[in-house]
J.: 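Pasting in a structure now, in structure tokens, and then I'll have a few things to ask.
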Amino acid sequence: QAQLHESGGGLVQAGGSLSLSCAASQLTFEHYAMGWFRQAPGKEREFVASIAWSGTATDYAGSVKGRFTISRDNAKNTVYLQMNSLEPEDTAVYYCAAPPRPFFLGYRNSERISEYEYWGQGTQVTVSS
């Protein structure tokens, strides 16, 4: 059973930056696409960013494109989310996620929640105005 653990959340003023990390274990990390999602109070969980197993392909939600950057270090089994120019609307619990199978079984980076099976516990990001 894959395990994912996010860290790096906190409180920041609007316009500031935060860097999230997600450490993965119990899976061959270098073979898995990874995604970041977020859920604000009273709202559904939504896609933020995804990255292919190799790191060569990324995808972003329109609301974060140009401000957030997803990256990964396969040697450290870790995926990152660098968040710049934060806005109060970015306030949410941020989750990293992994699909149920590696890329060579058809699971590429995706924006669909249904494509992911393994989830971390989440880390809170609060942006004050």
J.: Answer yes if Ile51 and Trp53 sit in the same cluster of Ile, Leu, Val, Met, Phe, Trp and Tyr residues linked by side chain heavy atoms under 4.5 Å apart, and no otherwise.
T.: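 The answer is no; the residues belong to distinct hydrophobic clusters.
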J.: With sequence neighbours left out, write down each residue that passes salt bridge (charged side-chain N to carboxylate O under 4.0 Å, His left out) with Asp59, or none if nothing qualifies.
T.: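 Per chain and number, Asp59 pairs via salt bridge (charged side-chain N to carboxylate O under 4.0 Å, His left out) with no residue.
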J.: Keeping Thr78 on the side-chain end and Lys76 on the backbone end, is there a donor-acceptor pair under 3.5 Å?
T.: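 The answer is yes, because a donor-acceptor pair under 3.5 Å joins these two groups.
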J.: Give me the atom names and distance for the closest heavy-atom approach of Asn74 to Arg72.
T.: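 Scanning both residues completely, I find the closest heavy atoms to be OD1-NE, 2.7 Å.
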J.: Please report the closest heavy-atom contact between Lys43 and Gln39, naming both atoms and the distance.
T.: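 Distance-wise, the nearest heavy atoms are O-NE2, 3.1 Å.
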J.: So which of Tyr32, Phe37, Tyr107, Trp36 actually passes ring-ring contact (aromatic ring centres under 6.0 Å, His included) with Tyr116?
T.: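 Exactly one pass, corresponding to Phe37.
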J.: Identify each donor-acceptor pair in which a side-chain atom of residues 89-103 lies under 3.5 Å from a protein atom, sequence neighbours left out, and give them as a table.
T.:
unit_1, atom_1, unit_2, atom_2, d
Asp90, OD1, Arg38, NH1, 2.9
Asp90, OD1, Arg67, NH2, 3.0
Asp90, OD2, Arg67, NH1, 2.8
Asp90, OD2, Arg67, NH2, 3.4
Asp90, OD2, Glu87, N, 2.8
Thr91, OG1, Pro88, O, 3.0
Thr91, OG1, Val127, N, 2.9
Thr91, OG1, Val127, O, 3.4
Tyr94, OH, Arg38, NH1, 2.9
Tyr94, OH, Asp90, O, 2.6

J.: Which value, rounded to the nearest 0.5 Å, describes the distance between His31 atom NE2 and Leu105 atom CG?
T.: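 Here the interatomic distance stands at 10.5 Å.
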J.: Can you tell me how far the CE atom of Met83 sits from the OG1 atom of Thr69, to the nearest 0.5 Å?
T.: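 Spacing of CE (Met83) from OG1 (Thr69) equals 11.0 Å.
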J.: Restricting to non-hydrogen atoms, name the atom on Phe29 and the atom on Asp73 that form the minimum distance, rounded to 0.1 Å.
T.: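 Taking every non-hydrogen atom into account, CE2-O, 4.0 Å.
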J.: Drop me the distance from Thr58's OG1 to Met34's CE, to the nearest 0.5 angstrom.
T.: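 So the OG1 of Thr58 and the CE of Met34 are separated by 14.5 Å.
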J.: Do Leu86 and Phe47 land in one hydrophobic cluster if side-chain heavy atoms of ILVMFWY residues count as linked below 4.5 Å?
T.: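 No; Phe47 is not reachable from Leu86 via cluster members.
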J.: Supply the atom-to-atom distance Asn77 CG to Ser25 OG, rounded to the nearest 0.5 angstrom.
T.: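 The CG atom of Asn77 sits 8.0 Å away from the OG atom of Ser25.
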J.: For the atom pair CG (Leu20) and CD (Gln82), what is the distance rounded to the nearest 0.5 Å?
T.: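 With rounding to 0.5 Å, CG (Leu20) is 8.5 Å from CD (Gln82).
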J.: Check for a donor-acceptor pair, side chain of Gln121 on one end and backbone N or O of Glu6 on the other, with a separation under 3.5 Å.
T.: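 Answer holds: yes.
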J.: Closest heavy-atom contact between Thr123 and Gly9?
T.: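 Nearest heavy atoms, Thr123 then Gly9: OG1-N, 3.2 Å.
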J.: Please report the interatomic distance OH(Tyr60) to NZ(Lys65), rounded to the nearest 0.5 Å.
T.: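 If we round to the nearest 0.5 Å, Tyr60:OH and Lys65:NZ are 9.5 Å apart.
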J.: Show the nearest heavy-atom pair for residues Ser71 and Val79, with the distance to one decimal.
T.: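 Heavy atoms only, the tightest pair is O-CG2, 3.1 Å.
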J.: Among the clusters formed by ILVMFWY side chains lying less than 4.5 Å apart, do Phe68 and Ile70 turn up in the same one?
T.: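 They do share one cluster, since a chain of ILVMFWY contacts under 4.5 Å joins Phe68 to Ile70.
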J.: Hydrophobic cluster membership, with links at side-chain heavy-atom distances under 4.5 Å among I/L/V/M/F/W/Y: are Val12 and Val48 in one?
T.: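 Yes; tracing contacts between hydrophobic side chains, which count when under 4.5 Å, links both residues.
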J.: Does the Glu115 side chain pair with the main chain of Asn109, one donor and one acceptor, at a distance under 3.5 Å?
T.: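 It does not hold such a pair.
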J.: Minimum heavy-atom separation for Ser110 and Ser50, please, with both atom names.
T.: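 Smallest heavy-atom distance, with atoms named: O-CB, 3.6 Å.
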